[in-house]
Protein chains: 2
Amino acid sequence: MERELLLLGLLRRQEMHGYELHDFIERYMQTCVNLKKPTAYYLLSKMAKAGYVTETEEQSGNRPPRRIYHITTAGEAQFQTLLRENLAAYHPAQFGGLVGLVFLDEIAGAEARPLLQQRRTTLATTLATIRSVPPHPGSMQFVIAHQIMHLENELNWLDNIIKNLKTPPGPND
Amino acid sequence: MERELLLLGLLRRQEMHGYELHDFIERYMQTCVNLKKPTAYYLLSKMAKAGYVTETEEQSGNRPPRRIYHITTAGEAQFQTLLRENLAAYHPAQFGGLVGLVFLDEIAGAEARPLLQQRRTTLATTLATIRSVPPHPGSMQFVIAHQIMHLENELNWLDNIIKNLKTPPGPND
DNA sequence: TTTTCCATGTAACTCGTTACATGATTTC
DNA sequence: GAAATCATGTAACGAGTTACATGGAAAA
């Protein structure tokens with residue numbers, strides 16, 4: 001339902017076609033949401049069938065026609081419902097990659113260190129990317145701030161684990 | 001691969017049957033992993049076919065026989081591989097429930113407040129549950145500490161958002 | 001002229017869940 | 001005697017992804 005909410009929320013502000021919608025999300029919201037193209041197209045046609053949006057074709061030259069989506073009254077009502085549902089519920093974040101740490105004991109510190117450092121690098125890169133995102137309007141800013149905070153915490157936590165590895169760092173670390 | 005790693009890691013320490021394995025995970029690891037029964041059974045028989053574990057039936061009375069799983073040499077190798085893969089990769093956490101906050105502007109503060117407070121309550125309950133978990137051995141403790149830290153941050157962040165809602169709290173808040 | 005962008009979609013697949021089905025045994 | 005626990009599984013479904021397929025238009 002989350003992605004429906006997202007699409008409806010964007011269509012409320014402005015009618016758009018599928019490619020445009022997906023492109024917008026990729027460009028400006030990739031730090032907090034992700035929605036692949038086929039999913040976007042699928043959801044849009046589904047919502048069209050459900051009557052939440054209308055589908056208008058617009059030809060330009062010989063290329064595939066744009067399908068422009070416009071939110072309906074029913075869609076607006078659905079948006080309001082989904083928004084309230086979403087705000088009221090807490091969906092715990094799904095962490096991947098914790099299981100390895102459960103078994104960190106089973107591997108020598110000297111071997112674990114470079115692996116965790118590799119993980120650290122990816123994490124730090126992600127954080128740097130989000131930090132460099134230009135400011136966004138409205139409460140979107142809260143969400144970006146949330147992501148930054150989250151990643152900073154992850155980084156600190158990971159650094160702490162690396163620091164506490166039993167084997168001391170080698171001369172290259 | 002995460003759940004395979006988990007099962008192999010547990011079977012390394014001690015041979016177990018499916019029900020036992022699932023039960024153990026539910027009891028002692030529910031704060032950081034979740035694995036439903038059918039998934040556990042499915043994964044175990046898959047890994048048996050793959051040769052990572054052996055399956056031994058053990059009858060007791062008239063009840064369904066226990067299928068006891070024992071890790072093989074190939075399984076041990078697979079565990080080592082999966083563990084290294086898992087430690088080296090950073091899997092960004094999947095946040096559900098952020099989309100609503102993107103559209104927080106679209107709803108009056110007076111209406112948003114009780115919804116977010118409901119969310120807050122669930123979150124706080126989750127946090128309290130994890131805090132009350134008895135201490136775990138080994139690096140499992142790191143993971144629990146991670147969950148606690150994460151939830152504390154979430155709570156702070158949410159409180160901050162609630163505090164900054166434009167409409168002031170009513171007499172009941 | 002080759003690459004990138006625009007614009008759409010289908011089909012197959014992955015991973016995991018829920019719901020359903022069965023029945024013995026232990027505990028209250 | 002009823003309820004919870006032990007012990008296994010299958011079938012259907014859900015949500016989303018990847019890979020594949022197509023082809024015009026703009027930019028390099």
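Reckoned from all heavy atoms, side chains included, excluding hydrogens, waters and symmetry mates.
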Whether [Y] and [X] form a salt bridge (side-chain N of Lys/Arg under 4.0 Å from carboxylate O of Asp/Glu) is what I want to check.
{"X": "Glu152(A)", "Y": "Arg131(A)", "value": "yes"}
{"X": "Arg12(A)", "Y": "Glu76(A)", "value": "yes"}
{"X": "Glu4(A)", "Y": "Lys46(A)", "value": "yes"}

For [X] and [N], what is the distance between atoms [atom1] and [atom2] respectively, to the nearest whole Å?
{"X": "Leu21(B)", "N": "dC6(D)", "atom1": "CG", "atom2": "P", "value": "14 Å"}
{"X": "Gln59(A)", "N": "dC6(C)", "atom1": "CD", "atom2": "P", "value": "18 Å"}
{"X": "Glu4(B)", "N": "dG16(C)", "atom1": "CD", "atom2": "P", "value": "7 Å"}
{"X": "Phe24(A)", "N": "dC5(C)", "atom1": "CZ", "atom2": "P", "value": "19 Å"}
{"X": "Glu57(B)", "N": "dC6(D)", "atom1": "CD", "atom2": "P", "value": "20 Å"}
{"X": "Leu43(B)", "N": "dT8(D)", "atom1": "CG", "atom2": "C1'", "value": "16 Å"}
{"X": "Gln94(B)", "N": "dT14(C)", "atom1": "CD", "atom2": "P", "value": "19 Å"}
{"X": "Lys36(B)", "N": "dT17(C)", "atom1": "NZ", "atom2": "P", "value": "5 Å"}

Candidate nucleotides [options], ranked by approach to the side chain of [X] - the nearest:
{"X": "His17(B)", "options": "dA7(C), dT17(C), dT8(D)", "result": "dT8(D)"}
{"X": "Tyr19(B)", "options": "dG16(D), dC6(D), dG16(C)", "result": "dC6(D)"}
{"X": "Asn62(B)", "options": "dT25(C), dC6(D), dA7(C)", "result": "dT25(C)"}

Side-chain N or O of [X] closer than 4.0 Å to phosphate OP1/OP2 of [N]:
{"X": "Arg3(B)", "N": "dG16(C)", "answer": "yes"}
{"X": "Tyr41(B)", "N": "dT8(D)", "answer": "yes"}
{"X": "Thr39(A)", "N": "dT17(D)", "answer": "yes"}
{"X": "Arg63(A)", "N": "dA7(C)", "answer": "yes"}

Open item on the list: Quick check: on DNA chain D, is the nucleotide nearest Arg27(B) upstream (toward 5') of the one nearest Tyr69(B), or the reverse? Name the residue that is more 5'.
Closed with: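 Looking at the nearest nucleotide for each, Arg27(B) comes out on the 5' side.
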Open item on the list: Can you confirm if the aromatic rings of His146(A) and Phe95(B) lie within a centre distance of less than 6.0 Å?
Closed with: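 Distance test on ring centres: under 6.0 Å, yes.
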Open item on the list: Between Phe103(A) and Phe79(B) (judged by ring centroids, cut-off 6.0 Å), do the two rings come close enough to count as a pair?
Closed with: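 Yes: the rings meet the under 6.0 Å criterion.
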TODO: Quick one: label Pro65(A) by what it contacts on the DNA or RNA (base, sugar-phosphate, nothing), any heavy atom closer than 4.0 Å.
DONE: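 Sugar-phosphate, no base atom in range.
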